[in-house]
Amino acid sequence: MYAQMVKSEATQDDPDMLAAFQARVDAGEKIEPKDWMPAGYRKTLIRQIGQHAHSEIVGQLPEANWIARAPTLERKANLLAKVQDEAGHGLYLYCAVETLGVSRDELTEMLLDGRMKYSSIFNYPTLTWADMGAVGWLVDGAAIMNQVPLQRTSYGPYARSMVRICKEESFHQRQGFHVMMAMVKGSEAQKRMAQDALNRFWYPALMMFGPSDKDSVHSEQSMSWKIKMNTNDELRQKFVDETVPQAEYLGLTIPDEHMKWNEDTGHYDFTEPDWSEFFEVIQGNGPCNVDRIAARQKAWDDGAWVREAMVAHAEKKQSRKSAAE
Ligand code: 3HC
């Protein structure tokens, strides 16, 4: 259905319509589902919002791993609420993509057979309780940095879904920082765990913003359509500038010996992540890629009876309605 739709739309991409569309975007108007849009705009949105939705869902896995092992009832309740929020984010985002004419089933199939990606960060394991702090602080912190500007993105359903998601991500970032605070105020062993979690999550968090601008394939077009509001490097720098003082407050050391404040630029200088590792991870070769997709495949297979029952129920309801008419 989706492939057919994009193909028929491509033939309509005449220059006048494209110019009129671009003028609407430039004027800050929101594009709504029933409006005409270039095929490439629709395709990019489906890719980006779909990838974002998958990230929220797959992102539940590393944290769900710690719900049963949280150290107190309060921490367990907080973590449970956070993981439930992520499921909700995935659902809003799947609804936003569905307005573009692709079904959730198609999106899931594309995730499972490798045609669609999800965020690189969720291919790293969560080894200790301190990782729950580091994930909330750094991963949700990076997610907010990327998503706050997306509240102004040109596609209406995506922009509106971002408003609520950002509010909840902000709670997640704070709960993560709170876990880190407790760890660094605890025993020497707890402080070491917090530092170890920061050491392991720092560079993967920097990778979340995508490849450096020179290697970003989609940024230029996506920014002119206001599907993206900033480049990958701009947001990465902003994240570093805001996070370094937070690490200092915690008494932790960012694992980068070249990290230093630059008076001339007004920003921190920092070491780029290992981009070869990033490309390996997004090609499916990270530490947990196989496990993550296996878990999603199992959930999809286990849920087959629910989908079938719902279709059967809808068909029965429809046939009763037709018989009564
Ligand atoms: N993980 C996986 N793939 C990534 C990636 C990442 N961190 N960063 C980039 N890529 C992929 C792109 O998808 C693209 O591959 P494709 O052409 O096969 O789709 C390729 O690398 C080149 O990158 P580009 O810079 O050209 O790609 P984009 O313009 O799409 O920029 C992005 C990447 C900045 C991640 C952008 O897509 C974006 O802003 N997405 C919306 C936000 C999002 O998806 N966030 C997920 C974070 S996790 C989360 O929110 C869960 C929360 O609970 C923490």
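Both counts, for ligands and for their atoms, begin at 1 and track the order of listing.
Residue Glu56 approaches ligand 1 through these ligand atoms, each under 4.0 Å from one of its heavy atoms: 49 (C), 50 (O), 51 (C), 52 (C), 53 (O). The ligand atoms of ligand 1 that sit less than 4.0 angstrom from a heavy atom of Asp140 are 53 (O), 54 (C). Atoms of ligand 1 lying under 4.0 Å from any heavy atom of Gly210, numbered from 1 in the order shown and given with element: 8 (N), 9 (C). Against a heavy-atom cut-off of under 4.0 Å, Ala143 is close to the following atoms of ligand 1: 50 (O), 54 (C). Residue Met207 has at least one heavy-atom neighbour below 4.0 Å for each of these atoms of ligand 1: 7 (N). Those atoms of ligand 1 with a heavy atom of Ser120 less than 4.0 angstrom away are 1 (N), 2 (C), 6 (C), 7 (N). Counting atoms of ligand 1 from 1 in the listed order, those under 4.0 Å from a heavy atom of Phe209 are 34 (C).
At the shortest separation from atom 33 (C) of ligand 1 among protein heavy atoms lies Lys228 NZ, 4.2 Å. Among all protein heavy atoms, the one lying closest to atom 13 (O) of ligand 1 is Gln51 OE1, 3.0 Å. The protein heavy atom nearest to atom 48 (S) of ligand 1 is Phe122 CE1, 3.6 Å. Shortest contact from atom 53 (O) of ligand 1 to any protein heavy atom: Glu86 OE1, 2.7 Å. For atom 50 (O) of ligand 1, the nearest non-hydrogen atom of the protein is Gln147 NE2, 2.8 Å. Of all protein heavy atoms, the one lying nearest to atom 39 (O) of ligand 1 is Asn146 ND2, 3.0 Å. The protein heavy atom nearest to atom 15 (O) of ligand 1 is Lys117 NZ, 3.4 Å. Among protein heavy atoms, atom 17 (O) of ligand 1 sits closest to His218 NE2, 2.6 Å.
For the ligand labelled ligand 1, residue Glu169 lies inside the 4.0 Å heavy-atom shell. For Ser119, the heavy-atom gap to ligand 1 drops under 4.0 angstrom.
Under the 3.5 Å distance criterion, with hydrogens and angles disregarded, no donor-acceptor pair is assigned to the side chains of Thr231 and Asp233. Side chains of His52 and Tyr158: a donor-acceptor N/O pair is present below 3.5 angstrom, by distance only. For the residue pair Tyr124 / Asp131, no side-chain donor-acceptor distance below 3.5 Å is found, with atom types taken as modelled. There is a side-chain donor-acceptor pair under 3.5 Å between His267 and Asp241. For the residue pair Asn232 / Asp213, no side-chain donor-acceptor distance below 3.5 Å is found, with atom types taken as modelled. Using a 3.5 Å distance cut-off with no hydrogens or angles, the side chains of Trp66 and Glu63 do not pair a donor with an acceptor. Under 3.5 Å, the side chains of Asp269 and His258 contain no donor-acceptor pair of N or O atoms. Under 3.5 Å, the side chains of Arg75 and His178 contain a donor-acceptor pair of N or O atoms. Counted by atom type alone, Lys228 and Ser219 present one or more donor-acceptor pairs between their side chains at under 3.5 Å.
Distance remark: protein heavy atom present below 4.0 angstrom from atom 6 (C) of ligand 1. Distance check on atom 20 (C) of ligand 1: every protein heavy atom falls at or beyond the 4.0 Å cut-off.
Criterion: ILVMFWY side-chain heavy atoms under 4.5 Å apart, direct or through other members. Under it, Leu112 and Leu93 are not part of a common hydrophobic cluster.
Proximity of Ile282 to ligand 1, defined as any heavy-atom pair under 4.0 Å, is confined to the side chain (atoms from C-beta onward). The residue Ile121 has no part lying near ligand 1, judged by heavy-atom distances below 4.0 Å. Neither the backbone nor the side chain of Asp215 comes within 4.0 Å of ligand 1, counting heavy atoms alone. With a heavy-atom cut-off of 4.0 Å, Tyr118 touches ligand 1 through its backbone alone. By the criterion of a heavy-atom distance under 4.0 Å, the side chain of Tyr158, and not its backbone, is placed next to ligand 1. Only the side chain of Arg47 comes within 4.0 Å of ligand 1, judged by heavy-atom distances.
Some N or O of Asn232 is nearer than 3.5 Å to an N or O of ligand 1, by distance alone. Distances between N or O atoms of Pro211 and those of ligand 1 include no value under 3.5 Å. Polar contact check, Val139 against ligand 1: no nitrogen or oxygen pair lies under 3.5 Å apart.
No side-chain heavy atom of Phe122 sits under 4.5 Å from any side-chain heavy atom of Leu61.
Between Trp202 and Phe239, the ring planes lie parallel to each other; the angle is under 30°, not in the 30° to 60° tilted range.
Here OG1 of Thr44 is found 5.0 Å from CH2 of Trp225. Values are rounded to the nearest 0.5 Å.
Selection from Gly50, Ser216, Pro149 by nearest heavy atom to atom 25 (O) of ligand 1 gives Ser216.
The six-membered or imidazole ring of His54 lies near that of Tyr94, with a centre-to-centre distance under 6.0 Å.
At least one test fails for Arg174 against the ring of Trp137: distance under 6.0 Å to the centre or angle within 45° of the axis.
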Show me, pair by pair, the donor-acceptor contacts under 3.5 angstrom made by side chains of residues 308-325, not counting sequence neighbours?
{"residue": "Ser319", "atom": "OG", "partner": "Lys316", "partner atom": "O", "Å": "3.1"}
{"residue": "Ser322", "atom": "OG", "partner": "Gln318", "partner atom": "O", "Å": "2.9"}

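One N or O on the side chain of Arg307 and one on the backbone of Trp300 form a donor-acceptor pair closer than 3.5 Å.
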